[in-house]
Amino acid sequence: MNAGVAQAMRRHRGAAVGAALLAAMALAAIAAPLIAPIDPQLIAPFDRLQDPDARYWFGTDQIGRDVFSRTVYGARVSMMVGCVVALTAIFSGLVLGLLAGFIRWVDGILMRVMDGLMAIPSILLAIALVAISGPSIRSIVIAITIAEVPRVTRLVRGQVIALRGQLFIEAATTAGTSVPVILYRHIVPNLLAPLLVQASYVFAAAVMTEAVLSFIGAGVPPETPSWGNIISEGRTVFQLAPHIVLFPSLVLSVMVLSVNILGDGLRDAFDPRFTGQR
Amino acid sequence: MSGAQQPLLVIDHLAVEFRGRDGTTRAVDDVSLTLHAGEILALVGESGSGKSVTSLAALRLIPDPPGKIVSGTIELDGIDLASLDDRALRRVRGKDLAMIFQDPMSSLNPVLTIGQQIGEAIRLHEGGSDQAVRARIIEVLELVRIPQADMRIDQYPHQLSGGMRQRVMIAMALSCGPRVLIADEPTTALDVTIQAQILALLRDLRERLGMAILLITHDLGVVAENADRVIVLYGGRKVEEGPVDELIRHPRHPYTRGLLGSMPHLDSALSEDAHARLVEIPGAVPHNAGSLPGCGFAARCALADDHCRTNRPPLTKVGADRLSACWKHDQLAEGSA
Amino acid sequence: MTALLEVTGLVKRFAHPRSLIDRLRGRPAGAVQAVSGVSLTIAANETLGLVGESGCGKSTVGRCILRLEQPDGGTIRLDGEDISQLPEARLRPLRRRLQVVFQDPFASLNPRRSVGEAVAEPLRNFTDLRGAALREEVARLFERVGLRRDQIDRFPHEFSGGQRQRIGIARAIGPRPDLIILDEPVSALDVSIQAQVVNLLMDLQDEFRLSYLFIAHDLAVVRHISKRVAVMYLGQIVETGPRDAVFARPRHPYTAALLSAAPILDPAKRSAAERIILTGDLPSPSNPPSGCRFHTRCPFAQGVCSTTVPPPVDAGDGHIAACHFPL
Amino acid sequence: MCAALSVLAMLEYVLRRIVATIPVLLLVAIIVFSLLYLAPGDPAAVLAGDQASAEEIARIRSSLGLDQSFLQRFLQWGGGVLRGDLGQSVFSGRPVTSLIAQRLEPTIALTVLSLLVALLIAIPLGVLAAWRPGSWLDRGAMGFAVLGFSVPVFVLSYCLILLLAVALPVLPVQGYKPLMDGIGPFLRHMILPAFALGVLNAALIARTTRAAMLEVLRQDYIRTAQAKGLPVMRVLIGHALKNAAIPIVTIIGISFAMLISGVVVTETVFNIPGVGRLTVDAILRRDYPVIQGVILLFSVAYVLLNLLIDLSYGLFDPRIRL
């Protein structure tokens, strides 16, 4: 597994760049208080709508807050949402998918529910869930997770069913291996690679969804500096001071891009067609 | 068969290389062959012998990249196919030089009807009204003995049996009256009773239409019953060539001999001891056989010595119409298989 | 000689979902009867060759015996005990005696686990070997099938087809089974490799007193390795008997047709044989012909063949053919 | 006889697909209804106003049926939905159905136009990239695809506005002109949003087209077509694309979900008075019946589109007609 990741990095320069960028952003998010030169909440009424300069690297917004500091703190929200959603969605999807793949009656019920959830476009589902539970990072995370779980469950279930038909699973059966051991020894290891790839896409989708939700006002509470919020606030003065929108947008795009490139690199590395396994 | 008449297809000193992650491999190395009108020439070998690559190269269908014809000429009726531009080459493909493939299921497009697929070639190379084309399609379907051709023409490949699909493939290949038919493992995917039908059909078509067939196969049994001459390939190189019956009765290359010995025969006398061992060729084809300095077979050959391993054996005339690429072909002259 | 394995009247159906039209017409759900009433026995240290064309149900027979498919009828007795309905938990200890080698040596190995682990798996399940002793046994098995002991930590994709098949064989012989189902074990291999594997299988049979059910479509290989053979057509055994009797004097026209369709190397012997070339294709197994299932393609068929199922007739020495007009 | 049977089989296939969507629609309805049911705040109190007494609120509650059980209320609501009654906006008191109907035109226009843009970019790009994998064209196309995945639609929208409406003022910054006011102004206002949304949607479709085409181009029948002497374009379009069609149309159906989220954002950025804008306004005002109605509408549209796509499979692959 780790060998596979390392191999992906070596072979896929893009994946390495993606991983490096992501790591840098993660560090920046963790060390936000050290990096951000100015308190992100500090209002400087005389410095409103400043263009970027040596003091305000990304300029200031309409009440004079430092856009750079806010962007750095915004990385915390995005990183947190991305990581938590990816972890919980992958884990729940794995458990549900395994259940569906192995127990027929569970499959019937579970997959109908997933069909229903998937029929609601995920952004609307998230809007609905946030609308119920009120805007907070927690409800954002829950909402996006619920929207992402069906896809992961589908993936796992599909893989399990495909794997169950594989000859090497039948060989394990004739070798006297019991179902739980087959699950643990043969099925799950073969699921890790696609799940790792999927995790990166879920991460990217979560970051993106959070930004969109915050942008349309159904996301993180407005006082929290998240990229979606900053962009949303800059919207009204966009023609006057485009930098408020553009800088966080750029950072957001770069983050999603690095995750996607990393995911593509992992996918290629795990694809049997690329690794010379057949 | 290989008399005085002008050869139809001449492949001369063909070499094909494939670029991979682990460097370049030579899939076909210095293979030459001539095919005359009305003749069935078999190209026989195991996987990795380069037989299919040779046949694809003849139509210049090697995917490039990763494959590349690095040297050699392919002449059809005196015209060098390598010198043709894409447009001219396409006029030859399917018209003068047609091909059928191993698996008739995957070789037919599942979303087009039989008639559409055959008609396409006819329209492209010969043109004609819709009715004329349809009549011609039914004609070729009947030529390959497909019953109820006027009904089958509107069916899709999945509605046909395996044998029927291969007949459709043959009909498609014959639709523009090719001079040469390349049959790449035409019966490998079929059951033995259907194989017998298809091979009988191919022989019959050769008689009736006088076309030449290049038969690519791994099965010496198929070769023995259907070909006039045979070329044995090993690791991308030609190791032996000759008239079929003679070559099978008196192989002059240790690989051919090993191949014949390792096949269980239905017609061999069974000894009382039910556990008679088959003759093994030890080891496996080295994947760099095409770029070894010496004989590609040396590593698996009981007769090989240091000379064999370092010096490449030239193709030597070992009888009328017979060639062998073995330093020790003399030692094989007396003993028969 | 008591039979090690005795299969009687084995039936296996594969249902396809009932369509709305069928329901409206009151037709029952369609089913392909892949195996319809197959009986066979295998004695200790014997090889039974099960031969037939694709779709005849020969692999399904093997998979039912291994209980990879649940049979719909009939019994499968291993040393007298019917295992056809045993629940998996009670079946598992018996699986030691019943091993398998599959046709596709690549698909039968988990790509993410080392080949040594594949060979160790049945040993771990059926024996007390652990740790260094287990590793040593795996290494010994590797050497026995012609691989090197330093190869046990490698992964399947590092091996050639013939080597992978050797790994599959090592896995099968590891727990010292009584019977191995060989499901087309050499048909994916090149001729020169085929001979190596066939020889290995025959050596191992002597050494470990194994019984084989050798499933194949290649008549020559079956003839070489089997002591007795059974010929299947559309889910039924049409002829069975001692190898020499069946190959030298086939009594069922289908067997005769199969034999004469196989190409013969020696030109001298070729002209002597009178060829039976079958016309037409295999009928659909979901709707098999009435009476004798072969009558639609049989050159000797008469009226009775399409109406009455031919009973199996023993010509002595266990050479049985199910034909109204045996040759 | 045979033809009649195959028509019947076709009909059965269609029928079975339609029947299969019913439970999905029902589930969607349950989920959407639960949203209102679980929503915080008491609609009765909101309606009654700040000065209302407890009795008055209780009276409104029972007149609205808010004191009934979940099932009763669901059935009542469901019956209303089937009659085209989605309830009333808490904010304006107007029927949700008519609020949505008023705003449908710009949303449909934006959706159709951006899908058109997406297909016109994605299909040729995907086909050509698959034809020469590894070429500069392929790399460019896939670079574009991964970028398209990663750039949120408002980012591209603002970049386009900055470039084509502010720096080079050739197009209006925002707003909408209905089709009735003439095709010219309508298109001038639609170009930027449709392009922004279409380009990003094209990324996913292009990537899937390429993958599907690569898979198909590896197949033996492509070699057969080449061996027949067919020109490249005939092989790519006539033989390959038709075989690759099913994954492509499937992804178009799936991408519709992304398109919807894009519509909501794009209408906000460009100030287009469509259903997306209505959604955002409703969120800001916590107008749950409107949110509910919009979600139901979009979800049903999504399910029905995917049903149509399912049914279209038979057009591309004869094996599915059985």
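Because the structure is a prediction, the values reported are computed rather than measured. Lettering of chains follows the sequences in order, A, B, ..., and the numbering in each one begins at 1. Both backbone and side-chain heavy atoms feed into the values below; hydrogens, waters and symmetry mates do not.
Annotation: side-chain contact (heavy atoms from CB on, under 4.5 Å) contacts of C:Ser54 (sequence neighbours excluded): B:Asp191. For B:Thr25, there are no side chain to side chain donor-acceptor pair (under 3.5 Å) partners at least two apart in sequence or on another chain.
At least one donor-acceptor pair under 3.5 Å links the side chain of B:Gln197 to the backbone N or O of C:Leu278. A donor-acceptor pair is defined here as one N or O able to donate and one able to accept, closer than 3.5 Å; such a pair exists between the side chain of C:Asp190 and the backbone of B:Ser47.
Note: B:Gly283 leads B:Gly162, B:Gly48, B:Gly283, B:Gly258 in heavy-atom pairs under 4.5 Å with chain C. Per-residue heavy-atom pair counts under 4.5 Å with chain C were compared for B:Val192, B:Thr193, B:Val285, and the maximum is reached by B:Thr193.
Pairing each heavy atom of B:Ile194 with each of C:Glu53, the nearest pair is N-OE2, 4.4 Å. A pairwise comparison of heavy atoms in B:Ala196 and C:Ala261 identifies CB-CB, 4.0 Å as the closest pair. Nearest heavy atom pair, residue C:Leu265 against residue B:Ile248, reads CD2-CD1, 3.8 Å.
For the residue pair B:Glu46 / C:Ser192, a side-chain donor-acceptor distance below 3.5 Å is found, with atom types taken as modelled.
C:Gln196 has its side chain out of reach of B:Ser262: every pair of non-hydrogen atoms, C-beta onward, lies at least 4.5 Å apart. Considering only heavy atoms from C-beta on, B:Leu278 stays 4.5 Å or farther from C:Gln194 through its side chain.
Both the backbone and the side chain of C:Leu259 come within contact range of chain B, each with at least one heavy atom under 4.5 Å from a heavy atom of that chain. In this structure, the portion of B:Arg300 lying under 4.5 Å from any heavy atom of chain C is its side chain and not its backbone. Of the two parts of C:Val198, only the side chain, counted from C-beta on, holds a non-hydrogen atom closer than 4.5 Å to a non-hydrogen atom of chain B.
Annotation: the span from B:Met263 atom CE to C:His224 atom NE2 amounts to 13.0 Å, rounded to 0.5 Å.
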